Amino acid sequence: MRYQVLAGAALVVATVCAEPIIVVQTQLYPTREQARGYLGRYPTQPLLVEPDLPADPNPDGIDPVGGWGKFPGQADYDYTIKLIKAYDLDGLATFGSRHPRTFLAGETCPTRDYVQLPMFVWSGTGKKAMQKIMSGLETTVKAPHNLMIGGKIVISSYATSATPEVFAQIRKRIVEKFGDRFLLFVTPSVLFKPRYEMWETGDVSAATREKMKEDVRKWLRVADGIGIGGTSVVTKNVKSENVQMLDYIRIMYETMASVRAEPEFKGKLILGSAINGHMNAYMRGYNCLEDCTRTYRETFALPIKYGCDIIQIPEWDEYNENTAIMPTLYSSWTMRRLTRYFVAEAKKRSQTPIEGDDLSKPNLAVSYRKCLSPGEHLVVEVLNIPDGSRTGEVKVDVEITDENGVRYAKYGPDVLDEAKMCEVRYEVDSAALAAKARAPRVVLTYEKDGAKTVVADGLHPIDLAPANTWNHNAVKQ
């Protein structure tokens, strides 16, 4: 797969590439070992576990519980690529410093049409840091699935703590060894710092915005592209929950896009991000709420709006941080449906249903927190995901019952347009609900073309934990 730079891209919302390249950061944890390495430890679990995948015949570098620096095995690699492509994604991004087989495995992978971006941490020019970079690039130039733009290999960034001056020295050493054969992205942390000003004042001043632009200019003079990684740290507190601070994230995109439109930076690239949320299993209280599906939807829409050339989603299989978009026990295939929708929107393609879907039923997703303490914010979201095949209106309502099916409250009916991405959200008084039920149930009723269907079984109960809980995971069904 090869993407060439287009000349004359000057509009703020215009991509340099013919279409945005959309990849997902992937740890490549071994599928057949996930039951042993992960089950029981994290807020969500893999939906698909393949214990019968053949063991890799070459144990060199293999880590059976999924270490960052090693390779899970050829069968696991092939299986992961197949799943990623089922989401209509262009490919994956993995740490450039990982075991070389992580990148060379693509030589024999049955799936051929995908890209694999190496991500590097640009920290400094110390011996150890440079050894990791140079070793990773030596593998990269041999890899069969590099993303090429204008004849150069695209190198992404996981984090950039170096200054522009230090990065210029890193780049100089890379060019000295390999020649000018890479397009290097940076993801500088400096773009995130003004969020503190927005926390304190509710806005970012004109002077601060101009400084942000100047910071972007400094970086684009030494790098080929600039971007923002996961935005889980850019949050605000709403009803005692940390949710995405979209106003500030929008400012970051506006800043990068407007600078890229200046004549000096014509042809420079922008990398964006979309996140499912963030809830670290070992950092209690540090989280970015999934907000049902809103966080993913709203953060995916922004890089599309501002013309990002690459959208890098963290992450595919990171259960530790609850960022995973791969099929999980509590999100099932909902993230696949959402991802396919946004990929089609970004690439200006027609929406299509998933093969095997029953098109007589609406394409709805029901989401809510599956565990919370009485008094915490409880929202039940019913989302319509358009797929180009279903049209017309669907009427929905939601009932909350106790464990025995006795109604506590009913919400709706409301009407959703099947041709549009649209939602209804119902706020439930969880404190009052706790007096009626310990594990209340959610019942969805939808009506289309005069036919009414009640979904009373199969939706996850709500665990109203009597003590405090840090489990903010949303179930998406």
Side-chain angles (χ1 to χ4, degrees), residues 239 243 276-277 289-298 300-301 330-342 344-345 351-354 356-370 372 377-430 432-433 436-437 439-464 473-477:
K239 297 184 178 180
V243 298
N276 176 34
L289 201 67
E290 295 159 279
D291 199 9
C292 297
T293 66
R294 264 192 184 175
T295 295
Y296 194 59
R297 289 185 285 122
E298 292 181 334
F300 216 139
Y330 296 119
S331 68
S332 186
W333 293 95
T334 300
M335 300 306 290
R336 179 190 182 194
R337 294 179 183 276
L338 285 170
T339 302
R340 291 180 76 254
Y341 169 84
F342 282 106
E345 288 292 294
Q351 298 289 343
T352 58
I354 293 175
D357 269 4
D358 182 349
L359 301 183
S360 68
K361 298 178 180 179
N363 197 23
L364 301 176
V366 183
S367 308
Y368 44 86
R369 274 186 60 182
K370 65 182 179 65
L372 69 161
H377 191 214
L378 174 58
V379 172
V380 178
E381 174 192 277
V382 183
L383 175 72
N384 179 72
I385 307 172
D387 62 7
S389 63
R390 299 168 173 91
T391 58
E393 294 182 341
V394 58
K395 187 183 294 184
V396 300
D397 64 61
V398 165
E399 226 181 304
I400 307 294
T401 76
D402 67 11
E403 297 88 340
N404 299 311
V406 177
R407 180 190 293 178
Y408 164 76
K410 183 176 180 179
Y411 305 91
D414 288 281
V415 175
L416 298 174
D417 184 346
E418 289 190 285
K420 298 178 181 178
M421 176 77 76
C422 51
E423 64 173 22
V424 289
R425 289 164 71 92
Y426 304 117
E427 295 200 18
V428 182
D429 185 342
S430 65
L433 178 58
K436 302 290 184 180
R441 300 175 62 191
V442 176
V443 178
L444 170 71
T445 300
Y446 65 84
E447 182 179 342
K448 181 171 172 60
D449 298 331
K452 185 177 291 188
T453 301
V454 179
V455 183
D457 296 315
L459 297 183
H460 199 284
I462 299 170
D463 179 13
L464 286 174
N473 182 240
V475 60
K476 309 177 186 76
Q477 306 153 97

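For clarity, every value in this text was computed on a predicted model and none was experimentally measured.
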**Message:** Using a strict threshold of under 4.0 Å (side-chain N to carboxylate O), is an ion pair present between Arg369 and Glu381?
**Reply:** no
**Any residue meeting salt bridge (Lys or Arg N to Asp or Glu O under 4.0 Å) with Asp457, in chain and number order, not counting sequence neighbours** = Arg441
**Prompt:** Taking atom NZ of Lys395 and atom CD of Glu447, what is their separation to the nearest 0.5 Å?
**Reply:** 5.0 Å
**Prompt:** Between Arg425 and Asp291, is there a salt bridge with N-O shorter than 4.0 Å?
**Reply:** yes
**Prompt:** Does anything in residues 384-406 pair up under ring-ring contact (aromatic ring centres under 6.0 Å, His included), and if so which pairs, sequence neighbours excluded?
**Reply:** none
**Asked** To the nearest 0.5 Å, how far apart are CG in Asn276 and CE in Met335?
**Response** 4.0 Å
**Item:** Phe342 vs Met421 side-chain heavy atoms within contact, under 4.5 Å
**Value:** yes
**Asked** Is any side-chain heavy atom of Val455 less than 4.5 Å from a side-chain heavy atom of Val442?
**Response** no
**Message:** Less than 4.0 angstrom from a charged side-chain N to a carboxylate O is my criterion; do Arg390 and Asp417 meet it?
**Reply:** no
**Fill in**
Taken in chain and number order and not counting sequence neighbours, the residues that satisfy ring pair (Phe, Tyr, Trp, His ring centres under 6.0 Å) with Tyr296 are Phe300
**Item:** Sidechain-backbone polar pair: Asp397 side chain, Leu444 backbone, donor-acceptor under 3.5 Å
**Value:** no
**Request:** Keeping the roles fixed (side chain from Asn363, backbone from Ile385), state whether a donor-acceptor pair exists under 3.5 Å.
**Result:** yes
Can you list, pair by pair, the side-chain donor-acceptor contacts under 3.5 Å of residues 402-412, counting residues two or more places apart and other chains?
unit_1, atom_1, unit_2, atom_2, d
Asp402, OD1, Asn404, N, 2.8
Asp402, OD1, Gly405, N, 3.0
Asp402, OD1, Val406, N, 2.9
Glu403, OE2, Arg438, N, 2.9
Glu403, OE2, Ala439, N, 2.8
Arg407, NE, Glu399, OE2, 3.0

**Item:** Expected output: side-chain Arg340 to main-chain Thr352 donor-acceptor under 3.5 Å
**Value:** yes
**Leu372 backbone acceptor or donor facing Ser430 side chain under 3.5 Å** = no
**Asked** Can you list the residues that meet the salt bridge (Lys or Arg N to Asp or Glu O under 4.0 Å) rule with Glu393, with sequence neighbours excluded?
**Response** none
**Asked** Just by modelled atom types, is the Ser331 backbone N or O under 3.5 Å from a matching donor or acceptor in the Thr334 side chain?
**Response** yes
**Prompt:** If you draw the axis of the six-membered ring of Tyr330, does the NZ or CZ of Lys370 fall within 45° of it and under 6.0 Å from the ring centre?
**Reply:** yes
**Prompt:** Hey, does Leu433 have a side-chain heavy atom less than 4.5 Å from the side chain of Leu464?
**Reply:** yes
**Message:** Tell me the closest heavy-atom pair linking Leu364 and Leu416, and the distance in Å.
**Reply:** CD2-CD1, 4.0 Å
**Message:** Between Tyr341 and Arg336 (side chain of the first, backbone of the second, donor and acceptor by atom type, cut-off under 3.5 Å), is there such a pair?
**Reply:** no
**Asked** Side-chain donor-acceptor pair under 3.5 Å between Ser367 and Arg294, yes or no?
**Response** no
**Request:** Rounded to the nearest 0.5 Å, what's the gap from CG on Leu378 to CG on Asp429? Could you check?
**Result:** 9.5 Å
**Asked** Is Val424 close to Val396 at the side-chain level, that is, under 4.5 Å between some pair of heavy atoms?
**Response** yes
**Asked** Can you check whether Ile354 reaches Arg337 side chain to side chain, under 4.5 Å on heavy atoms?
**Response** yes
**Complete:** Taken in chain and number order and not counting sequence neighbours, the residues that satisfy salt bridge (Lys or Arg N to Asp or Glu O under 4.0 Å) with Glu418 are Lys448
